[in-house]
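First the proteins, then the strands, lettered A, B, ... as listed; each starts at 1.
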Protein chains: 4
Amino acid sequence: MTTESANPRYRSERSHQAILDAALKLCLEQGFAKTSVDAIAKEAGVGKQTIYRWWPSKAAVLVEAIDRASAPSVDFPETGDVLADLRHHMVAVARYFGTDQSSTYREIIGAAQSDPNTAQAILATLVGPRVEGCRRRLERARQQGEIRPDAALDDVVELLYAPLYYRLLLGTRPVTPDQVETILDLLFDGLRPRNPTAPDATTDA
Amino acid sequence: MTTESANPRYRSERSHQAILDAALKLCLEQGFAKTSVDAIAKEAGVGKQTIYRWWPSKAAVLVEAIDRASAPSVDFPETGDVLADLRHHMVAVARYFGTDQSSTYREIIGAAQSDPNTAQAILATLVGPRVEGCRRRLERARQQGEIRPDAALDDVVELLYAPLYYRLLLGTRPVTPDQVETILDLLFDGLRPRNPTAPDATTDA
Amino acid sequence: MTTESANPRYRSERSHQAILDAALKLCLEQGFAKTSVDAIAKEAGVGKQTIYRWWPSKAAVLVEAIDRASAPSVDFPETGDVLADLRHHMVAVARYFGTDQSSTYREIIGAAQSDPNTAQAILATLVGPRVEGCRRRLERARQQGEIRPDAALDDVVELLYAPLYYRLLLGTRPVTPDQVETILDLLFDGLRPRNPTAPDATTDA
Amino acid sequence: MTTESANPRYRSERSHQAILDAALKLCLEQGFAKTSVDAIAKEAGVGKQTIYRWWPSKAAVLVEAIDRASAPSVDFPETGDVLADLRHHMVAVARYFGTDQSSTYREIIGAAQSDPNTAQAILATLVGPRVEGCRRRLERARQQGEIRPDAALDDVVELLYAPLYYRLLLGTRPVTPDQVETILDLLFDGLRPRNPTAPDATTDA
DNA sequence: CTATAACCGAGACGGTACGTCTCGTCTTCGG
DNA sequence: CCGAAGACGAGACGTACCGTCTCGGTTATAG
């Protein structure tokens with residue numbers, strides 16, 4: 001795993017799993033902030049040092065735990081219809097963001113604001129692979145003329161997922177699958193008034 | 001102020017200001033996480049209890065301090081050209097997000113992930129008024145046919161600002177004024193291939 | 001009163017009494033140590049400043065309150081029989097030391113160990129007058145040949161009352177009227193074996 | 001030690017000693033009341049928690065520290081002359097009570113007035129053993145006919161030491177070796193007028 | 001088949017910050 | 001213009017965690 005810092009020559013797999021499980025469980029029950037390393041160690045039936053041996057911080061433990069729990073969602077579908085594929089993946093993300101478990105993810109991102117190492121771990125382990133999957137799918141879409149050829153793909157990825165993170169992290173509204181429709185609609189069709197009516201319309205059509 | 005929790009039957013204005021100043025200063029110097037309430041009190045020449053009397057937490061102090069420091073930026077310009085007005089305001093935000101000072105804002109949003117009260121304060125005091133200003137500007141733009149009449153304005157606001165927050169909070173790339181151009185371009189013109197000069201359009205359709 | 005520090009020109013007698021009453025009541029209920037000046041002020045329906053205006057400390061308030069409550073016990077009886085008079089007075093003291101109320105007295109003496117002003121107030125207000133009364137009674141007893149003419153009276157007073165304070169302050173055993181008998185017996189008759197039996201007796205007699 | 005509250009599975013002996021030393025030193029310099037637990041920890045180069053782990057209060061630390069410093073004085077001499085032995089031990093106590101260091105002892109006894117646990121610790125650790133030594137010496141004296149056979153020894157011990165504590169705690173006069181002479185003289189010979197040269201005795205009887 | 005090196009649990013350690021409490025002074029305002 | 005109410009600067013309190021260190025005891029490869 002990316003967040004490990006030592007060579008796991010003698011590492012006890014039993015302890016390893018127990019720690020990840022305990023960490024997730026406690027965070028779900030009482031939140032990340034109120035979950036101390038001592039508590040995780042106690043819950044996992046493990047010495048505190050065993051945690052510090054393999055992870056640099058509480059947050060790193062949870063990055064790995066979340067990664068393990070959500071690993072399958074990395075894959076990006078490919079049906080030939082980019083809109084459908086994006087919708088499929090984004091709805092999955094939106095559903096997760098609407099879950100109780102997402103608050104652990106939320107809190108880790110929060111912690112990362114004051115801890116560059118955690119920020120780095122989140123980016124590399126959780127965000128990176130998914131962004132990359134999306135980017136690759138968009139690349140193929142661009143090759144097939146489904147989207148503007150001049151679009152900078154990294155920016156497009158941002159525009160797609162940023163609104164989900166915005167709601168998650170600012171707590172303005174709950175994240176729902178509906179939001180995905182709105183995003184895709186606005187982003188694909190643009191914000192300008194549509195053809196029918198005005199003179200522009202004729203040029204456009 | 002929105003973040004105060006008690007009825008200020010009489011409070012020392014001198015202490016009030018000193019606390020806000022000290023909090024901002026220390027956060028700039030050493031970060032929000034490493035700034036203790038004791039340190040703020042010491043720096044402000046104030047008893048710790050005086051801070052706890054008027055604010056529920058360190059974060060609440062900084063919400064008010066940031067609000068006071070950035071109050072002028074609430075206003076939304078109105079030139080008649082919605083794209084120009086949005087660009088103007090968003091560039092200002094992007095510039096701020098690129099500043100050293102933004103890391104205090106970043107960290108407070110981080111802290112809010114584990115503290116609903118802080119989240120609420122940020123929303124009500126810092127985000128709310130600005131979002132509302134933007135929404136009103138968009139409303140006028142819609143009335144004047146500058147944007148799609150069916151656009152849900154809250155969603156549009158999200159799409160505009162979310163990418164800035166995304167970079168700020170996930171730390172993928174620095175926030176720059178350039179990003180604003182990209183956002184406005186993609187969002188206004190849409191992601192679909194453009195039709196203008198015939199041939200592609202036909203191929204596409 | 002000896003413990004007052006200001007000229008009571010405008011002093012409100014109602015507040016004065018209310019403070020003493022409140023102080024005694026709270027100390028009885030929860031002990032001197034847990035009784036704060038704020039609490040006394042609240043209980044007495046008085047501003048905190050009013051307490052500090054007339055007394056230098058919480059302890060000073062209670063010295064006066066206890067003095068007021070126990071003032072009558074200053075007088076020393078005079079029946080002509082010094083042993084009876086001492087017994088009478090000492091039994092009264094012993095009874096008081098066995099009371100719930102004595103723990104307030106106990107705690108004030110405790111506080112005085114770290115506060116010379118309080119020590120001084122206790123001595124001058126509470127202990128002094130009673131010791132003086134006892135000393136005068138002993139003086140008359142000495143004149144009438146009831147006690148050794150060479151006895152240093154201050155030392156005798158000490159020997160009489162010290163054992164009561166010893167039990168009160170060290171908490172070895174409860175103070176009871178019985179103790180008074182023991183003290184008087186041992187002190188008046190001395191510790192040496194009594195005449196009847198041995199050869200010593202003849203020398204002695 | 002009697003004042004410890006936890007099972008020392010393993011405790012740092014270095015820290016243990018450093019804490020006792022620091023506590024004694026600071027109390028000597030600035031008094032028990034003005035000596036905070038933080039200050040002791042700082043002075044000892046120790047975490048505050050380490051103090052709270054092994055002692056229930058600041059006072060308990062000092063009970064142990066004083067005990068350690070004065071442990072040798074527990075033994076009671078035995079020369080065959082009870083008066084000489086008592087004088088020897090009591091003079092030692094009186095000298096200690098006249099020392100600067102005694103004010104720490106004074107203040108702890110003061111603190112014990114509001115804290116039963118401390119009172120208990122003082123009794124068990126400091127007072128108890130010495131009282132018991134004295135009692136045993138008196139017991140032997142009684143067997144050898146040096147003192148009245150009907151004397152209740154606990155009461156005699158009280159009468160001997162109480163006057164020293166009386167002066168120490170009420171601060172009436174300083175405790176000096178002279179006081180010991182007075183106590184022994186009055187207590188052994190009694191307060192009644194002496195009969196030696198006949199006439200008075202008859203008058204008296 | 002040791003032995004030796006790294007693991008493991010438990011938890012004490014030096015620290016830092018927390019949020020609360022009380023102190024004794026200072027400020028405001030109503031009667 | 002006094003007094004109730006309570007805000008103020010100050011600082012100790014006892015608790016919670018942090019991340020490191022110190023224990024014995026238990027694997028589990030390497031000789």
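If you measure from atom CD1 of I19(A) to atom P of dC7(E), you get 13 Å, rounded to the nearest angstrom. When rounded to the nearest whole Å, the span between CZ of R11(B) and P of dC29(E) equals 15 Å. What separates CD1 of I51(B) from C1' of dA17(E) is a distance of 13 Å, to the nearest Å. The distance from atom CG of L26(B) to atom C1' of dT16(E) is 16 Å, rounded to the nearest whole Å.
Rounding to the nearest 0.5 Å places CD1 of I51(B) at 11.0 Å from OG of S57(B). Atom OG1 of residue T50(D) and atom CZ of residue R11(D) lie 10.0 Å apart, to the nearest 0.5 angstrom.
The stretch residues 31-46 of chain C touches DNA chain F through G45(C), V46(C), each having a heavy atom under 4.0 angstrom from the strand.
When atom types are taken as modelled, the side chain of E107(A) and the backbone of A33(A) share a donor-acceptor pair closer than 3.5 angstrom. Side-chain N or O atoms of K58(C) include none that pairs as donor or acceptor with a backbone N or O of S36(C) at under 3.5 Å.
Of the candidates dT25(E), dC8(E), dA7(F), dC8(E) carries the atom nearest the W54(A) side chain, counting heavy atoms from C-beta on. For Y52(A), counting side-chain heavy atoms from C-beta on, the closest listed nucleotide (dG14(E), dA12(E), dC18(F)) is dC18(F). Closest to the Q49(A) side chain, of the nucleotides dC26(E), dA10(E), dC8(E), is dA10(E). Nearest to the side-chain atoms of K58(B) among the listed nucleotides dG24(E), dC18(E), dC21(F) stands dC18(E).
The side chain of S15(B) places an N or O atom within less than 4.0 Å of a non-bridging phosphate oxygen (OP1 or OP2) of dG9(F). In this structure, T50(A) reaches the dG9(E) phosphate: one of its side-chain N or O atoms is under 4.0 Å from OP1 or OP2. Note on R53(A): a side-chain N or O is less than 4.0 Å away from OP1 or OP2 of dC8(E).
Judged as a side chain to side chain contact (heavy atoms under 4.5 Å, CB included), and not counting sequence neighbours, the contacts of A112(B) are T118(B), A119(B), I122(B).
The 5' end of DNA chain E is approached more closely, in terms of each residue's nearest nucleotide, by G47(D) than by the other of G47(D) and K48(C).
Side chains of W55(A) and E64(A) form a contact here, defined as non-hydrogen atoms less than 4.5 Å apart.
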Side-chain donor-acceptor pairs under 3.5 Å in residues 17-31 of chain A, sequence neighbours left out?
unit_1 : atom_1 : unit_2 : atom_2 : d
Q17(A) : OE1    : R68(A) : NH1    : 2.2
Q17(A) : NE2    : E13(A) : OE2    : 3.0
D21(A) : OD1    : R68(A) : NH2    : 2.8
K25(A) : NZ     : E43(A) : OE2    : 2.8

